[in-house]
Amino acid sequence: MAIDEGLPVTLDNRLVGRLARSDADRRDTRFRYETATDPRDAVSLPMPVRGDEYPWPRGVHPVFEMNLPEGYLRHNLARMFSKAIRGFDDYDLLEIVGLFQLGRLGVGAIPEQGMPDISIGELLLHDGAEGLFDDLMAKYARYSGISGVQPKVLRESPPPTERRRPGPAQSPGRRPTKLNTSTSRISAPVATCCQ
């Protein structure tokens, strides 16, 4: 695998390797660590840092697959991109949402534009609950690399100065926002709304 081939894989924002499609069959993938990767920066316990590739048949390695969107979000992303990407599969999905996953691992190139801004206040001021979930899905689906069947999207959390109630210092970052589709109620994580 050429050094610049495939999707960059980062651990705590440090490049540690690349994930690419197999030359023999585009449904298979292979992962290779960068030559200077520290042995402590393994992406997974069963995949210690080494010079040889880690091939994987029919999809992406479990360490990359486990955080892919599921359920309605996955279906919606496939609907959004499958016409533009022939043979849309887990590798393509990972290329779209891989940098927007929760945790230390990121997959993919830095997008040209960042995640759109929205605050809980803006969500609560939405003109009725009708269409809110569809609006959020259209705006944030491509930035929501989070697993789980319950519909949810990622949004940037506000800087600590924008919070209404004082609380312990919290750095801004991505936070899941869950939506109960039967009531269209927003369920923000405890760390964001209750401090």
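Keep in mind it's a predicted model, so treat the numbers as computed, not measured.
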* Hphob cluster co-occupancy, Phe81 + Leu93, side-chain heavy atoms under 4.5 angstrom -> yes
Indicate every side-chain donor-acceptor pair of residues 58-67 with a distance under 3.5 Å to a residue at least two apart or in another chain.
unit_1	atom_1	unit_2	atom_2	d
Arg58	NH1	Asp25	OD2	3.0
Arg58	NH1	Asp28	OD1	2.9
His61	NE2	Tyr54	O	2.6

* To do: List the atom of Val97, the atom of Pro69, and the distance in Å for their closest heavy-atom pair.
  => CG2-CD, 3.8 Å
* Please name the pair of heavy atoms, one in Ala42 and one in Pro48, separated by the smallest distance, quoted to 0.1 Å. => CB-CA, 4.1 Å
* What residues, two or more places apart in sequence or in another chain, satisfy side-chain contact (heavy atoms from CB on, under 4.5 Å) together with Thr10? -> none
* ILVMFWY network linking Trp56 to Val49, side-chain heavy atoms under 4.5 angstrom -> no
* **Shortest non-hydrogen separation from Phe88 to Leu77 and the atoms involved** => CZ-O, 4.3 Å
* **Any donor-acceptor N/O pair, Tyr33 side chain to Glu53 backbone, under 3.5 Å** => no
* Residues forming a salt bridge (Lys or Arg N to Asp or Glu O under 4.0 Å) with Arg14, sequence neighbours excluded -> Asp41
* Heavy-atom side-chain contact between Leu99 and Val107 under 4.5 Å -> no
* Asked: What distance separates Met80 CE from Ile96 CD1, expressed to the nearest 0.5 Å?
  -> 8.0 Å
* **Residue pairs fulfilling salt bridge (charged side-chain N to carboxylate O under 4.0 Å, His left out) with at least one residue in residues 90-106, sequence neighbours excluded** => Asp12-Arg104, Arg21-Asp92, Arg74-Asp90
* Asked: In terms of hydrophobic clustering (I, L, V, M, F, W, Y; side-chain heavy atoms under 4.5 Å; direct or indirect links), are Leu15 and Leu105 co-clustered?
  -> no
* **Qualifying residues under side-chain contact (heavy atoms from CB on, under 4.5 Å), relative to Asp23, sequence neighbours excluded** => Glu5, Arg30
* Looking at CG of Leu19 and CZ of Phe31, how far apart are the two atoms once the value is rounded to the nearest 0.5 Å? -> 7.5 Å
* Flag side-chain contact, heavy atom, 4.5 Å: Leu73 against Met137 -> yes
